[in-house]
Amino acid sequence: MEQTNSSFKQENTQTKDWAYTLHHATRATHEDWLGRSISYTCIGIIILVVASMLWFITSKGIATFTQNHVNVWQFLSGTNWAPDQGKIGALPMIVGSFAVTFAAALVATPFAIGTAIFMTEIDPKRGRKFLQPVIELLVGIPSVVYGFIGLAVVVPFMRHLVGGSGFGIISATFVLFVMVLPTITTMTVDSLRAVPRFYKEASLALGATRWQTVSRVILRAATPGILTAIIFGMARAFGEALAVQMVIGNAAIMPKNLVSPAATLTSQLTTGIGDTIDGTLPNNALWSLALILLLMSLFFNALVRVIAKRGQLSHER
């Protein structure tokens with residue numbers, strides 16, 4: 001009888017323990033809740049910061065049109081930049097930004113693709129041993145160093161070669177070429193390495209040469225990734241400020257050719273934002289230039305997502 005009572009009490013105790021375990025959170029559950037709370041808090045802070053930046057730049061950027069009543073089309077198409085006189089044509093800076101961006105991407109893309117092919121298909125061992133450290137070194141160099149090198153080397157070279165002051169779009173192009181080359185090269189290498197190995201094996205098995213395999217199979221399969229790399233490089237060039245400011249000449253006039261001094265959105269912002277009073281037309285006009293930069297960044301990001309989505313659909317087919 002005593003054994004029966006003791007066993008009954010033991011079973012009753014176990015039942016209570018199971019019931020407590022089922023109806024109360026364990027330590028692991030509390031840790032899971034804590035981890036989720038920290039993650040959601042960090043995500044919320046990031047979203048709040050990004051939304052605040054977007055709202056702040058947008059509200060400051062549209063003040064030119066809402067408070068100062070400047071016509072949007074005149075702002076975008078005007079060629080005379082004199083905010084102190086009420087003239088804020090932003091077209092010279094827009095043209096200068098796009099000119100140096102496209103020129104730098106056009107020059108850097110062949111070098112980046114060639115380097116990536118060498119590192120992945122021709123001699124991966126040497127590429128990983130020698131070229132990879134060089135690319136990582138180029139990434140780590142500060143922008144001001146690139147600007148000083150351009151000011152001390154590129155500008156005098158262009159002055160000696162074509163005459164004039166040496167400052168201009170072509171000088172900024174050479175500086176940005178070196179700056180965006182690591183970005184495009186690294187992402188292109190990743191795209192080439194992501195191509196399935198059986199693509200190459202099937203091409204070689206059908207009798208294609210190595211160059212035919214690289215040019216007609218691997219590069220075509222990696223085209224979405226290469227385009228993404230080029231766009232990221234263009235975004236990097238479009239937003240560069242200090243290095244471009246030091247070699248482009250900072251002349252807010254329509255560029256006549258590649259060797260004439262010009263200005264970009266970023267160079268005009270960095271040179272003028274400290275000399276204006278908050279709330280005035282010159283200050284609001286600079287914030288409008290910042291808004292254009294923001295919109296272009298969003299455009300580049302959206303373009304990357306579209307290319308990535310189309311590349312994924314083509315691979316699935």
Side-chain angles (χ1 to χ4, degrees), residues 57 60-61 64 75-85 87-108 141-159 164-181 183 233-277 280-297 299-300:
I57 296 176
K60 299 283 285 187
T64 304
F75 174 76
L76 296 176
S77 61
T79 58
N80 191 358
W81 180 262
D84 295 334
Q85 304 175 10
K87 301 176 182 179
I88 52 171
L91 187 60
M93 283 72 73
I94 296 174
V95 172
S97 295
F98 278 102
V100 296
T101 298
F102 282 109
L106 187 64
V107 175
I141 297 177
S143 299
V144 65
V145 176
Y146 283 112
F148 272 120
I149 294 175
L151 193 62
V153 179
V154 178
V155 172
F157 175 76
M158 296 305 302
R159 185 187 303 125
S165 63
F167 295 96
I169 293 176
I170 191 67
S171 299
T173 297
F174 280 120
V175 173
L176 286 178
F177 152 68
V178 181
M179 296 183 68
V180 304
L181 183 63
T183 300
M234 293 175 62
R236 171 80 168 86
F238 199 88
E240 179 55 42
L242 185 57
V244 175
Q245 174 190 343
M246 297 174 69
V247 297
I248 199 171
N250 300 315
I253 56 177
M254 282 295 293
K256 299 179 181 179
N257 48 55
L258 294 179
V259 296
S260 62
T264 62
L265 295 169
T266 52
S267 66
Q268 193 64 34
L269 274 170
T270 53
T271 55
I273 196 66
D275 300 328
T276 59
I277 300 175
T280 60
L281 177 60
N283 184 266
N284 292 337
L286 292 176
W287 279 110
S288 298
L289 298 183
L291 180 60
I292 296 176
L293 283 171
L294 175 63
L295 294 177
M296 286 306 304
S297 299
F299 171 75
F300 283 131

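Count residues from 1 along the sequence.
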Closest approach of Leu91 to Ser77 (non-hydrogen atoms, all atoms of both residues): CD2-O, 3.6 Å

Interatomic spacing from CG in Leu76 to CD1 in Ile88 - rounded to 0.5 Å: 10.0 Å

Donor-acceptor pair, side chain of Asn250 and main chain of Gln245, under 3.5 angstrom: yes

Within residues 240-261 or reaching into it, pairs that qualify as salt bridge (Lys or Arg N to Asp or Glu O under 4.0 Å) - sequence neighbours excluded: Arg236-Glu240

Minimum-distance pair of heavy atoms, taken over all atoms of Ile169 and Asn257: CD1-O, 4.2 Å

Qualifying residues under side-chain hydrogen bond (donor to acceptor under 3.5 Å, both in side chains), relative to Ser267, sequence neighbours excluded: Thr264

Gap between atom CE of Met234 and atom CG of Leu176 - 0.5 Å precision: 11.5 Å

Nearest atoms (heavy-atom pairs only) where Ala243 meets Tyr146: CB-CB, 4.4 Å

Heavy-atom pair of closest approach, residues Thr276 and Pro282: CG2-CB, 3.8 Å

Nearest-0.5 Å distance, CE of residue Met296 to CG of residue Leu265: 9.0 Å

Intermediate values then yes/no, side chain to side chain contact (heavy atoms under 4.5 Å, CB included), Leu289 and Ile94: CA-CA 9 Å; Leu289 298 183; Ile94 296 174; 5.8 Å; no

Thr79 side chain near Ile253 side chain, heavy-atom distance below 4.5 Å: no

Residues that Ser288 engages under side-chain hydrogen bond (donor to acceptor under 3.5 Å, both in side chains), provided they are two or more places apart: Thr64

Gap separating the NZ atom of Lys60 from the CG atom of Leu286, nearest 0.5 angstrom: 11.0 Å

Side chain to side chain contact (heavy atoms under 4.5 Å, CB included) between Phe167 and Val154, worked out: CA-CA 9 Å; Phe167 295 96; Val154 178; over 6 Å; no

Partners meeting side-chain hydrogen bond (donor to acceptor under 3.5 Å, both in side chains) with Ser171 (sequence neighbours left out): none

Partner set under side-chain hydrogen bond (donor to acceptor under 3.5 Å, both in side chains) for Trp81, not counting sequence neighbours: none

Within 6.0 Å of CZ in Phe177, more than 12 heavy atoms from elsewhere: yes

Least distance between heavy atoms, Thr173 atom then Ala104 atom: CG2-N, 3.7 Å

Point-to-point distance, once rounded to the nearest 0.5 Å, from OG1 of Thr101 to CZ of Phe300: 6.0 Å

Audit row: Ile273, Asn283, side chain to side chain contact (heavy atoms under 4.5 Å, CB included) steps and yes/no: CA-CA 7 Å; Ile273 196 66; Asn283 184 266; 3.9 Å; yes

Set of side-chain contact (heavy atoms from CB on, under 4.5 Å) partners for Ser297, sequence neighbours left out: none

Distance, nearest 0.5 Å, that separates OG of Ser97 from CD of Gln268: 10.0 Å

Backbone of Gly233 reached by a side-chain donor or acceptor of Thr183 within 3.5 Å: no

Verdict with supporting geometry, Leu242 and Thr270, side chain to side chain contact (heavy atoms under 4.5 Å, CB included): CA-CA 8 Å; Leu242 185 57; Thr270 53; over 6 Å; no

Heavy-atom closest pair, residues Leu151 and Met246: CD1-O, 3.3 Å

Check: Phe98 ring centre within less than 6.0 Å of Phe238 ring centre: yes

